[in-house]
Engineer: 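Handing you this structure, nothing more for now.
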Amino acid sequence: MRGRWHEGSDKWKHINQIVKDQKLGVLALQETHLTKDEESILNSTPGLRLRIISSIDPTHTNAKGVALVLNKNLVSTSGVKTHELVPGRALLIIIPWRKDDTFKILVIYAPNDPQNNQYFWENVMSKLRGLPHPDVMLGDFNLVEDALDRLPPKQDSSGPTSKLKELRTRLRLRDGWRTENPDTLQYTFAQSAYQGGRQSRIDRIYIKEDLLPFSREWDISPPGLHTDHQMASVRISSKTMPFVGTGRWSMPLYVLKDKKLSDEIIELGKTLHKQILESKAQRTVTSNPQAAFKSFKTKAIDLCRIAAKKTIPMKRNKLMSQLKATMSDPLLSDEDKRIIGLVLQDKLNKSLSSKDTP
């Protein structure tokens with residue numbers, strides 16, 4: 001998150017909009033720099049449909065900090081329990097989930113220094129004794145377990161990686177995104193060109209093995225917020241939740257601004273009116289108001305679907321495709337991937353934070 005403010009703008013208002021637009025049930029944040037007084041004020045701010053639970057290191061209030069954001073529209077915020085394992089770095093939160101069940105989330109912001117990182121995992125393991133094991137552990141781990149998750153490829157120090165592996169093995173947690181994408185090269189953090197332009201997938205979501213079959217839509221995408229990290233996300237369903245189909249299609253509201261579409265639907269309406277009048281004189285099985293209206297709806301929906309696909313920013317889709325193709329191109333060197341990837345990621349971040357989102 002890199003703190004609350006950016007050029008005088010409060011990021012929490014933007015976060016509220018992102019959570020609402022993307023229908024996020026929970027959102028984990030790192031480097032929040034959020035004091036308890038600020039947390040209390042935000043939680044009582046009119047218009048923010050969020051419940052923020054944070055942890056800060058009282059000795060370093062302008063650094064570190066983790067938080068879990070609950071979407072009040074989707075998640076119950078009563079009966080939430082919290083366990084602060086490491087102030088500003090590890091926070092265990094237990095939220096109500098489906099009848100008498102609970103969902104346990106461990107938010108992580110690990111130290112960057114390898115020695116401190118190793119001690120951090122030992123500390124977390126110790127603090128978890130006697131507490132419920134998390135269903136999900138997510139955040140900024142500041143290390144990778146596989147050289148494939150760095151560009152250029154590089155194996156991290158064995159000390160901290162072995163301690164992390166020991167912890168997640170004990171908790172029976174797996175890297176869900178890597179399980180779903182065993183050979184894909186995609187990263188969540190990129191240094192600036194001035195810093196060297198290295199990239200890595202240090203932001204991850206670990207999930208309990210028995211919940212993995214109930215997870216889908218594992219993704220890494222720009223968050224639409226001023227930060228140097230991408231957002232890792234997943235959709236998790238309850239084991240007891242019944243199967244729900246795709247539901248009825250509804251028209252995206254932004255297509256209402258399409259003047260051409262409006263004109264085409266008006267013309268369909270005129271045709272419908274004419275057909276209804278004609279059917280009054282001679283009604284048949286195929287020529288009647290009900291059949292005419294059904295035809296009108298079908299054609300109108302088809303037009304709206306086409307308009308919606310055209311309105312979705314094609315440039316962003318193209319950039320995403322180019323980025324994935326670049327990272328998977330065996331003919332490109334690591335240096336070329338690094339340089340091209342930085343340029344494409346920068347363009348993608350700017351497009352996602354612009355005001356022209358439908």
Engineer: Could you tell me whether the side chain of Glu39 and the main chain of Ser54 form a donor-acceptor pair under 3.5 Å?
Structural biologist: yes
Engineer: Measure the spacing between OG of Ser328 and NZ of Lys337 and express it to the nearest 0.5 Å.
Structural biologist: 7.0 Å
Engineer: Ignoring hydrogens and geometry, is there a side-chain-to-backbone donor-acceptor pair from Ser192 to Gln195 under 3.5 Å?
Structural biologist: yes
Engineer: Are any side-chain N or O atoms of Thr227 and backbone N or O atoms of Pro223, one a donor and one an acceptor, separated by less than 3.5 Å?
Structural biologist: no
Engineer: Output yes when a side-chain donor or acceptor of Ser295 lies under 3.5 Å from a complementary backbone atom of Ala292, and no otherwise.
Structural biologist: no
Engineer: Contact between Leu42 and Leu34 at the side-chain level, heavy atoms closer than 4.5 Å - yes or no?
Structural biologist: yes
Engineer: Side chain of Asn288, backbone of Val285: donor and acceptor closer than 3.5 Å?
Structural biologist: yes
Engineer: Looking at side-chain heavy atoms only, is the closest gap between Trp218 and Ile205 below 4.5 Å?
Structural biologist: yes
Engineer: More than 12 heavy atoms of other residues, nucleotides or ligands under 6.0 Å from NZ of Lys13: yes or no?
Structural biologist: no
Engineer: What residue among Val124, Leu106, Val107 forms side chain to side chain contact (heavy atoms under 4.5 Å, CB included) with Leu92?
Structural biologist: Leu106
Engineer: For the pair Asn181 (side chain) and Thr184 (backbone), establish whether a donor and an acceptor sit closer than 3.5 Å, ignoring hydrogens and angles.
Structural biologist: no
Engineer: Please check: side-chain N/O of Ser40 versus main-chain N/O of Asp37, any donor-acceptor pairing under 3.5 Å?
Structural biologist: no
Engineer: Within a strict 4.5 Å, meaning less than it, do heavy atoms of the Pro222 and Met231 side chains meet?
Structural biologist: no
Engineer: What is the distance from atom CD of Glu38 to atom CD1 of Ile52, rounded to the nearest 0.5 Å?
Structural biologist: 10.5 Å
Engineer: Does atom CD (Gln282) have a neighbourhood of more than 12 heavy atoms from anything else shown, all under 6.0 Å?
Structural biologist: no
Engineer: So, taking the atom named OG1 in Thr32 and the one named CG in Leu68, what distance separates them when rounded to the nearest 0.5 Å?
Structural biologist: 11.5 Å
Engineer: What residue among Leu138, Leu173, Ile236 forms side chain to side chain contact (heavy atoms under 4.5 Å, CB included) with Ile207?
Structural biologist: Ile236
Engineer: Any salt bridge linking Arg172 with Asp135? Criterion: basic side-chain nitrogen under 4.0 Å from a carboxylate oxygen.
Structural biologist: no
Engineer: Between Asp203 and His229, do the side chains contain a donor N or O and an acceptor N or O under 3.5 Å apart?
Structural biologist: yes
Engineer: Examine distances only and state if a side-chain atom of Arg51 and a backbone atom of Thr77 form a donor-acceptor pair shorter than 3.5 Å.
Structural biologist: yes
Engineer: Minimum heavy-atom separation for Pro289 to Arg283, with atom names?
Structural biologist: CD-NH1, 3.4 Å
Engineer: Would you check if Ile202 and Leu143 make a side-chain contact, meaning some heavy-atom pair closer than 4.5 Å?
Structural biologist: no
Engineer: For residues Val26 and Phe103: do they belong to one hydrophobic cluster (side chain heavy atoms under 4.5 Å, members Ile, Leu, Val, Met, Phe, Trp, Tyr)?
Structural biologist: yes
Engineer: Check whether any side-chain heavy atom of Phe189 lies under 4.5 Å from a side-chain heavy atom of Asp228, and answer yes or no.
Structural biologist: yes
Engineer: Enter the distance from Lys154:NZ to Ser200:OG here, rounded to the nearest 0.5 Å.
Structural biologist: 10.0 Å
Engineer: Could you tell me the separation between the NZ atom of Lys280 and the CD atom of Gln275, rounded to the nearest 0.5 Å?
Structural biologist: 14.0 Å
Engineer: Is there a path of hydrophobic side-chain contacts, each under 4.5 Å between heavy atoms of I/L/V/M/F/W/Y residues, joining Ile15 to Ile41?
Structural biologist: no
Engineer: Does Leu151 form a side-chain contact (heavy atoms from CB on, under 4.5 Å) with Met327? I'd like the steps, not just the answer.
Structural biologist: CA-CA 9 Å; Leu151 185 67; Met327 294 306 170; 4.1 Å; yes
Engineer: Return yes when atom NZ of Lys36 has more than 12 non-hydrogen atoms of other residues, nucleotides or ligands closer than 6.0 Å, and no otherwise.
Structural biologist: yes
Engineer: Please test Arg204 against Asp149 for salt bridge (Lys or Arg N to Asp or Glu O under 4.0 Å), starting from the C-alpha separation and ending with a verdict.
Structural biologist: CA-CA 11 Å; Arg204 299 187 296 280; Asp149 287 323; 5.6 Å; no
Engineer: Check for me, please, whether Val66 and Leu131 land in the same ILVMFWY cluster - side-chain distances under 4.5 Å, paths through other members count.
Structural biologist: no
Engineer: Has Gln191 got more than 12 heavy atoms of other residues, nucleotides or ligands less than 6.0 Å from its CD?
Structural biologist: yes
Engineer: If you compare all heavy atoms of Leu268 against all heavy atoms of Ala300, which two are closest, and at what distance to 0.1 Å?
Structural biologist: CD1-N, 3.8 Å
Engineer: I need the Ile93 CD1 to Thr102 OG1 distance, nearest 0.5 Å.
Structural biologist: 13.0 Å
Engineer: Following the transitive rule for hydrophobic clusters with a side-chain heavy-atom cut-off under 4.5 Å over Ile, Leu, Val, Met, Phe, Trp and Tyr, establish whether Met137 and Ile220 coincide in one cluster.
Structural biologist: no
Engineer: Check Arg168, Lys165, Arg201 against Asp175 for a salt bridge (charged side-chain N to carboxylate O under 4.0 Å, His left out) and give me the one that passes.
Structural biologist: Arg201
Engineer: Can you find a side-chain donor-acceptor pair between Thr161 and Glu145 that sits under 3.5 Å?
Structural biologist: no
Engineer: Does the side chain of Pro132 reach to within under 4.5 Å of the side chain of Ile94, using non-hydrogen atoms?
Structural biologist: yes
Engineer: Using a 6.0 Å cut-off, check whether atom OH of Tyr119 has over 12 heavy atoms from anything other than its own residue.
Structural biologist: no
Engineer: Do Asp219 and Glu217 have side chains that approach each other closer than 4.5 Å (heavy atoms only, starting at C-beta)?
Structural biologist: no
Engineer: Show the nearest heavy-atom pair for residues Ser55 and Glu84, with the distance to one decimal.
Structural biologist: OG-OE2, 2.5 Å
Engineer: Determine whether the side chains of Asp57 and Thr59 contain a donor N or O and an acceptor N or O closer than 3.5 Å.
Structural biologist: yes
Engineer: Considering non-hydrogen atoms only, spot the tightest contact between Pro87 and Pro58 and give its length.
Structural biologist: CB-CD, 4.4 Å
Engineer: Taking the six-membered ring where the residue is Trp, are the ring centres of Phe141 and Trp121 under 6.0 Å apart?
Structural biologist: yes
Engineer: Test the Arg89-Tyr109 pair against the cation-pi criterion, namely NZ or CZ under 6.0 angstrom from the six-membered ring centroid and within 45° of the ring axis.
Structural biologist: yes
Engineer: Under a 3.5 Å distance rule, please check whether Asn142 uses its side chain to pair with a backbone N or O of Ala110 as donor and acceptor.
Structural biologist: yes
Engineer: Of the options Leu167, Leu171, Leu85, which is the one that meets Met125 in a side chain to side chain contact (heavy atoms under 4.5 Å, CB included)?
Structural biologist: Leu167
Engineer: Can you establish whether the number of heavy atoms outside Lys20 located under 6.0 Å from its atom NZ is more than 12?
Structural biologist: no
Engineer: For residues Leu24 and Leu48: do they belong to one hydrophobic cluster (side chain heavy atoms under 4.5 Å, members Ile, Leu, Val, Met, Phe, Trp, Tyr)?
Structural biologist: yes
Engineer: Kindly indicate whether the side chain of Gln290, heavy atoms from C-beta on, has any atom under 4.5 Å from the side chain of Lys294.
Structural biologist: no
